[in-house]
Amino acid sequence: MIGRVIVDVPAAQTDRLFDYLIPTEWQAFAKPGVRVIVPFGPRRIQGFLIELVELSEFEKVKPIAEVLDPLPILSPELLELGEWLATSTVCYRVSAYQAMLPAALKSKVSKQLVLQVDPAMLPLPLQTLFSGRTVVAWDEAKKALKKAITVVKEPLDQEWLSISYETKEHTRVKKVKYVEIIPTNEDPVFSKRAEKQERVFTYIKGQEASVPVNSVLKQTGASRATLKSLLDKGLIQEFEKEVYRDPLQAEDIQRSEPLVLTDAQARVMEPVAKAIAEEQHQMMLLHGLTGSGKTELYLQAISAVLAKNQEAIMLVPEISLTPQMVTRFKARFGELVAIMHSGLSNGEKYDEWRKIHRKEVKVVVGARSAVFAPFTNIGIIIIDEEHETSYKQEETPRYHTRDVAQYRGERHRAPVILGSATPSIESYARAKKGVYQLLSLTERVNGRPLPDVEVVDMRQELRNGNRSMFSLALTEAIRDRLEKKQQTVLFLNRRGYSTFVMCRDCGYVASCNHCDISYTYHRKGNSLKCHYCGDEQPMPETCSECGSDHIRFFGSGTQKVEEELAKQFPEARVIRMDVDTTRKKGAHKQLLDAFGQGKADILLGTQMIAKGLDFPKITLVGVLAADSMLHIPDFRSAERTFQLLEQVAGRAGRDVLHGEVLVQSYTPEHYSIQLVKEHDYEQFVAKEMQSRKIGGYPPYYFMALLTISDTELASVMQTSQKITRFLKESLSDKAIVLGPSVSPIARIKDRYRYQCVIKYRQEPKLHETLDAIMNHYLRDATNKKLAISMDLHPYFFM
DNA sequence: AGCACGCCGACT
DNA sequence: GTCGGCGTGCTC
């Protein structure tokens with residue numbers, strides 16, 4: 001029997017199947033979808049077994065060394081999905097499979113030096129290296145000997161030393177130590193001195209079953225030594241139990257019951273329920289106002305799926321995977337829910353993944369990568385806040401969650417629901433064309449009107465002599481809420497802003513020596529940091545260009561706003577939420593809980609407070625700089641601005657108290673800001689579609705972005721020119737090839753970057769052309785440092 | 001990606 | 001003369 005394997009070597013030349021013999025002892029386990037260890041040249045590496053065949057066309061076929069999984073970790077469906085992902089996003093197949101699995105399943109093969117003879121026979125440096133051991137990791141040897149590593153050559157030739165490849169899995173199953181009483185006929189007698197032992201013994205005996213060692217120690221206040229004595233006396237026994245790491249810390253969650261749907265909700269539910277019942281794949285776009293009860297619909301749709309004994313994937317943007325959100329699903333479905341998001345440790349992710357794989361759960365609530373959940377009988381896939389850009393993965397494989405969901409939805413004959421208050425222009429266009437089924441929720445559940453929105457012209461404020469970051473209107477509104485004991489949310493859009501350091505005398509801006517990007521000032525440590533390569537420098541005292549000491553940091557951060565608030569409203573209690581204050585695990589929830597309990601008057605924050613915030617006392621939302629995002633050179637900037645403003649506005653007046661939103665802007669006339677006043681999504685889409693049509697952007701055109709980078713500037717320029725020419729020759733006349741041009745970030749980690757953009761409508765030869773470029777320039781690249789990245793349907797043009 | 005093989009410069 | 005620099009090509 002021959003196994004065909006994709007090896008874990010992400011390179012153009014190895015992106016194909018390799019044939020291996022399956023020895024009889026592994027035949028029972030060698031199923032497509034298991035991980036294997038195979039000999040590859042002189043080393044041993046990991047691979048994925050893709051298929052089994054009778055014969056190989058290849059002459060010398062080596063046998064597989066090991067099968068790592070007792071059961072396939074990739075189902076036939078996921079194997080096929082990986083193949084599709086690789087072709088549709090132009091990436092290596094291993095990278096696709098790797099992206100579908102938790103990181104913990106990526107086992108590393110480590111190289112080792114093994115001593116075969118009396119160490120005295122070895123050269124001195126090696127004797128010191130081994131110093132009594134028989135095995136030394138290759139990495140360690142290299143580190144210790146550096147260039148002198150060549151001393152191993154002779155002993156290797158003499159076979160005094162050998163090289164072995166050890167597979168170390170970091171698929172660690174967590175185990176907890178438990179103790180229990182060894183049953184005896186009579187109770188043991190403890191001496192007076194062994195008082196503690198007696199107490200511990202009685203405690204353990206008092207428990208119904210075995211108890212975790214940790215809790216014994218905690219409850220009795222005893223030390224390990226006491227427990228050890230009991231163990232040694234043979235009164236108790238210790239054993240290990242496999243446990244799941246519990247990211248939610250087993251909080252007590254009140255079960256929730258389905259709510260009665262409003263008429264509007266019921267109308268939307270009907271086609272969804274039909275698709276579930278009839279097992280029909282259908283892309284559905286649920287356009288529902290904030291507060292129109294989308295989540296309850298999701299919950300009930302999932303219930304319907306579970307009732308059919310099928311499984312559900314619920315996708316939410318990373319940023320809104322808040323404890324509140326998770327709690328809502330756990331409250332309805334209890335233990336049937338697994339959670340997947342980047343905040344979990346590798347071990348926790350692995351445990352959640354195993355729950356799905358072992359069919360112990362039926363629902364997964366998670367961010368982007370949860371779309372690959374190893375379910376085998378999916379009944380529905382829901383993508384909430386479908387317009388969120390975090391659904392697009394920005395590393396290879398550069399997939400969009402929506403596309404993967406559609407692929408899986410088709411295979412499983414399951415409906416895919418895309419939900420949003422402000423759908424992406426692309427999705428809405430598809431819905432209008434009838435490609436997606438459009439479902440609308442135009443009323444809020446409680447019948448409350450959307451908040452009033454007022455746009456404040458900050459240029460006028462400046463003319464009136466107000467140089468503070470709060471307009472007069474906002475200042476008055478905040479004061480008013482403080483008096484009324486109502487709550488205010490202040491939103492600062494940090495995107496497009498950074499706290500850069502500039503010399504006031506000569507205008508020099510401190511920037512990274514390896515990347516063409518300015519340093520970001522970090523108050524903590526008073527240092528400058530490059531966000532691209534991580535380089536850190538102390539904050540300079542004087543300007544390196546002109547020597548002036550008038551060098552300061554600029555930009556408007558939350559910290560600065562906080563200081564300003566303290567100055568203007570000294571009595572106000574402020575909670576600040578940004579990356580700095582929420583870094584610690586659980587801090588996010590803690591801060592929100594405090595605000596919810598009325599422990600603060602003002603919540604000041606960035607993107608992370610734009611979502612899921614639902615507190616009845618918030619009656620004022622202030623947006624400090626509405627247009628900071630509008631000026632980013634990206635065709636989606638207007639769309640993002642509108643979506644974000646609508647999102648933030650939705651935080652105000654969610655209960656009986658009416659909400660007010662104040663939007664401060666330097667370009668108040670722009671339609672993406674004006675139309676928020678009327679909450680007029682339709683009108684916004686009409687305007688935006690017009691501008692997309694004129695500019696030749698999606699959804700009128702598809703786009704592809706090629707980024708070419710190299711350490712040599714001349715080589716990048718030359719290659720990108722050649723590639724552009726080749727694209728123009730190979731693609732149809734209707735395709736528009738732009739570039740080559742310097743990337744918005746011209747250099748990252750000492751690599752110069754050029755880019756080329758393709759706009760097209762129908763280009764059957766596109767993939768063929770891109771593959772040709774990949775093969776030609778990377779396979780025969782004379783300069784191995786050259787890198788080409790391809791992004792089909794890009795979201796960021798950096 | 002690694003790792004081996006192989007062909008040219010500065011050293012004992 | 002050789003050691004070792006890294007360019008080239010292969011891995012079932």
Side-chain angles (χ1 to χ4, degrees), chain A residues 1-23 26-27 30 32 34-68 86 91-99 103 106-114 123 125 137-143 145-157 159 161-168 395-397 709-712 715 719 749 751 774-789:
Chain A
M1 193 161 47
I2 298 293
R4 312 200 74 202
V5 173
I6 290 279
V7 292
D8 185 16
V9 181
Q13 288 146 309
T14 49
D15 186 33
R16 56 194 175 85
L17 292 163
F18 286 87
D19 293 357
Y20 287 91
L21 209 69
I22 313 257
W26 288 116
Q27 280 186 6
V34 294
R35 291 170 305 150
V36 290
I37 297 293
V38 290
F40 198 63
R43 42 194 188 130
R44 297 169 86 220
I45 56 170
Q46 203 206 114
F48 293 98
L49 181 58
I50 304 300
E51 56 180 1
L52 294 169
V53 290
E54 284 303 312
L55 295 167
S56 173
E57 288 173 19
F58 206 81
E59 282 170 36
K60 41 181 195 304
V61 184
K62 293 185 188 174
I64 273 170
E66 208 178 322
V67 174
L68 291 175
C91 79
Y92 305 127
R93 282 180 69 178
V94 238
S95 313
Y97 292 129
Q98 227 75 266
K106 187 177 173 157
S107 58
K108 271 252 184 289
V109 182
S110 69
K111 191 176 168 181
Q112 298 175 328
L113 275 175
V114 185
W138 179 257
D139 285 347
E140 188 197 332
K142 234 164 80 177
K143 228 184 202 163
L145 298 165
K146 300 214 174 75
K147 289 218 165 169
I149 190 73
T150 43
V151 294
V152 300
K153 196 181 177 299
E154 179 68 20
L156 278 174
D157 288 346
E159 291 185 4
L161 284 179
S162 70
I163 280 174
S164 86
Y165 291 85
E166 193 72 17
T167 42
K168 56 166 184 246
E395 303 100 55
T396 45
S709 68
D710 197 340
T711 47
E712 300 299 318
S715 144
T719 314
K749 291 185 195 171
R751 303 175 62 87
M774 274 303 204
N775 289 333
H776 180 78
Y777 287 95
L778 295 183
R779 213 179 281 263
D780 308 321
T782 40
N783 188 344
K784 286 234 168 166
K785 287 171 200 125
L786 182 81
I788 304 171
S789 101

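Below, read A as the first sequence line, B as the second, and so on, with proteins coming before strands; counting in each chain starts at 1.
- One can place CH2 of A:W138 at 13 Å from P of B:dG2, the figure rounded to the nearest angstrom.
- One can place NZ of A:K153 at 9 Å from P of B:dC5, the figure rounded to the nearest angstrom.
- Atom OH in A:Y20 sits about 5 Å away from atom C1' in C:dC12, given to the nearest Å.
- Here A:F58 counts as stacked on C:dC12: its ring centre is under 5.5 angstrom from the base ring centre and the planes meet at under 30°.
- Note on A:V9: a base of the nucleic acid sits closer than 4.0 angstrom, heavy atoms only.
- By the side chain to side chain donor-acceptor pair (under 3.5 Å) test, A:Q112 is found to be paired with A:S164, residues two or more places apart in sequence or in another chain being considered.
- Of the side-chain N and O atoms in A:K111, one or more sit less than 4.0 angstrom from OP1 or OP2 of B:dC3.
- The closest side-chain heavy-atom distance from A:I37 to A:V109 is below 4.5 Å.
- At whole-Å resolution of the value, CG in A:D8 and C1' in C:dC12 are 16 Å apart.
- Of the candidates A:Q98, A:Q46, A:K108, A:D8 forms a side-chain hydrogen bond (donor to acceptor under 3.5 Å, both in side chains) with just one, namely A:Q98.
- Atom OH in A:Y92 sits roughly 7 Å away from atom P in B:dA1 (whole-Å rounding).
- Among pairs with a residue in residues 52-66 of chain A, those fulfilling side-chain hydrogen bond (donor to acceptor under 3.5 Å, both in side chains) read A:D19-A:S56, at least two apart in sequence or across chains.
- Rounded to an integer number of Å, the gap from A:I37 CD1 to C:dT11 P is 20 Å.
- Every residue two or more places apart in sequence or in another chain that forms a side-chain contact (heavy atoms from CB on, under 4.5 Å) with A:A99 is listed here: A:P397.
- Not counting sequence neighbours, the partners of A:S95 by the side-chain contact (heavy atoms from CB on, under 4.5 Å) test are A:P10, A:C91, A:Y92.
- In this structure, the NZ atom of A:K62 is 15 Å from the P atom of C:dC10, given to the nearest Å.
- In this structure A:S110 satisfies the side chain to side chain donor-acceptor pair (under 3.5 Å) test with no other residue, sequence neighbours excluded.
- Between A:D15 atom CG and C:dC12 atom C1' there is a gap of 15 Å when expressed in whole angstrom units.
- Within residues 40-51 of chain A, the residues having any heavy atom under 4.0 Å from DNA chain C are, by residue number, A:F40, A:G41.
- Phosphate contact (OP1/OP2 of C:dC12, side-chain N/O of A:K60, threshold under 4.0 Å): absent.
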